[in-house]
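Proteins get letters first, then strands, A, B, ... in listed order; numbering begins at 1 in each.
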There are 2 protein chains.
Amino acid sequence: MEDHHLSEFLNHLEEGLRKEARELFKPERYDREQYIFIDQEEATHLYLVEEGTVEANIVHGDGKLLILDFLYPGGVFGEGALYEDGIYSYSAVAKEPARTWRISWDDLQWLVSRDQLFALHLMRIVVAKLDQAYYKDRCIAGEKVEKRIACVLLKMVDEIGISDKCGLVIDTPLTNRDIAGLVGSTEETVSRIMSRLKKEGIMGTEGKLLVVRDKKALLAYFDDIQA
Amino acid sequence: MEDHHLSEFLNHLEEGLRKEARELFKPERYDREQYIFIDQEEATHLYLVEEGTVEANIVHGDGKLLILDFLYPGGVFGEGALYEDGIYSYSAVAKEPARTWRISWDDLQWLVSRDQLFALHLMRIVVAKLDQAYYKDRCIAGEKVEKRIACVLLKMVDEIGISDKCGLVIDTPLTNRDIAGLVGSTEETVSRIMSRLKKEGIMGTEGKLLVVRDKKALLAYFDDIQA
DNA sequence: AGCCTCCCTTGATGTAGGTCATTTGCCCGC
DNA sequence: GCGGGCAAATGACCTACATCAAGGGAGGCT
């Protein structure tokens, strides 16, 4: 089984430990729509995405779905497992068929205790997630849906955008419902706004994929957020 | 100078290191409204609140203020300093006159490298912050202001509420503007909602402080958020 | 082919809440 | 005491957006 992203992750360990560590990560496979863990469950494992896309979400009692984030290959999730008696603070579900690696809290702790640089690497990952969460708060809180969408699209482009003759292609299928879930709005509103963005030549589509045609204009949409 | 909260923090270090570590933390003093660091600055130090209240906020280009969190004695902020070349992802300002301790990234790294349990403690702090940030997302995204306020008030009560004959007192002065900043709304809207909550006997005031009179009712306001 | 499911689109309508404007009350220093 | 500044309260207005509803296109199934 391929382990490209796992290897990369293990590179942050000192060399002597890598082989041993490799054995602590177990491969898993999930189908589309299959849940990996559920919000508020006891957090037993930390996960790494090898292939596919994982959605981190929260479902409200009234059925509304909030998408916290999408995780792509190389991404880590299930931070609750980083300390004793942690719980997951969101649910994780495969958005596309996915392959992941997971390591138990015990094994992870053992690794951390043997390599402080690795501990620092984990720290960096978590702090980066924290920064992202704050960034999202900033984009979502009290802003117009228009801006929130611009914000999300720009983030996606930075994360997984690939340059192309007609613009920056967002390399994952993304429905209006997904976007609505990310920004806390509705399909219909997103549809209207996206239509407008397309009409204005700012966004476009390439098959099933979204394309940012005019990043500058998109940035202008929310530049007063940027301080 | 008193160092109650610093001592507690240092208790997570192995005993042999404490005395030495104590010297790495420098005391600071800030007046009301004085900024401790600014959003996007290079993160040089990690901070610990000894006394007073610190506000973590972000100012948008259009002047709107988003309050990410309040930090009370024992609280840690400035996570950007937890890894090399980090930057602060929010501004920190003293909301009341405050005393803090700070440690530089270099010194901190030295400590972490000598005590893995301490590293795990830091990790726990950061993950807890991450969970909080997600919790906030969940409360804010696409919810009515009413619910967002209930959410914030309940969080405050859990954090710094003290029981009293007339209810749960939130032990810090909190203006409508503060609340508006926390939930991404406006003073006026908050005022209207708070008036209603007071009329309904759910909230009340005790001098300058807010009191939760009926926590059950407040919980009911947002129980469909709770899944 | 026909059907079903999923997604997008567009319209009509009601309302939460942002914005502007005014008034009142409180605290502080003089 | 009086005046100035700051927070709260309340009203009027208007727009962004959630909600309900209907229709259309694309892809996959039998």
Could you tell me whether the side chains of [X] and [Y] share a donor-acceptor contact shorter than 3.5 Å?
X: A/E79; Y: A/Y90; result: yes
X: B/T100; Y: B/E51; result: no
X: B/E55; Y: B/S91; result: no

Taking for each residue the nucleotide of DNA chain D with the nearest heavy atom, is it A/I193 or A/K208 whose nucleotide lies nearer the 5' end?
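With A/I193 and A/K208 compared, the 5'-side residue is A/I193.
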When you look at CZ of A/R22, are more than 12 heavy atoms from neighbouring residues, nucleotides or ligands closer to it than 6.0 Å?
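Yes, the 6.0 Å shell around CZ holds more than 12 heavy atoms from other groups.
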Non-neighbouring partners of A/H4 that pass ring-ring contact (aromatic ring centres under 6.0 Å, His included), sequence neighbours left out
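Testing A/H4 for ring-ring contact (aromatic ring centres under 6.0 Å, His included), a comparison that skips the adjacent residues, returns none.
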ring-ring contact (aromatic ring centres under 6.0 Å, His included) against A/H5, all qualifying residues, sequence neighbours excluded
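Once residues adjacent in sequence are excluded, A/H5 has no partner under the ring-ring contact (aromatic ring centres under 6.0 Å, His included) criterion.
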Beyond-backbone contact of B/E28 with B/W101, side-chain heavy atoms, under 4.5 angstrom
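B/E28 vs B/W101: side chains apart.
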Heavy atoms, side chains only, cut-off 4.5 Å: are B/L218 and B/M203 in contact?
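The answer is yes, as the side chains (C-beta and beyond) meet within the 4.5 Å cut-off.
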Protein within reach of the bases, or only the backbone? For nucleotides 9-16 of chain D, mark each nucleotide 5' to 3' as B, S or -, using heavy atoms under 4.0 Å.
BBBB----
Just how large is the angle between the end axes of the helix from C/dA1-D/dT30 to C/dC30-D/dG1, five pairs per end, to 10 degrees?
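Both end axes considered, the difference amounts to 30°.
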Mind jotting down which residue pairs meet the ring-ring contact (aromatic ring centres under 6.0 Å, His included) criterion with at least one end in residues 39-58 of chain B? Sequence neighbours excluded, please.
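Counting only pairs at least two positions apart or across chains, the ring-ring contact (aromatic ring centres under 6.0 Å, His included) contacts touching residues 39-58 of chain B are B/F37-B/Y47, B/Y47-B/F77.
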Qualifying residue, where the test is salt bridge (Lys or Arg N to Asp or Glu O under 4.0 Å) with B/E206 and the options are B/K198, B/R213, B/K165:
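Of all the options given, the one that passes is B/R213.
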Segment of DNA chain C, first to last nucleotide, that comes within the 4.0 Å heavy-atom reach of chain B:
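Reading along DNA chain C, I get C/dG17 to C/dC20.
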Atom CG of B/L209 to atom P of D/dA8: distance rounded to whole Å?
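Value for this atom pair: 13 Å.
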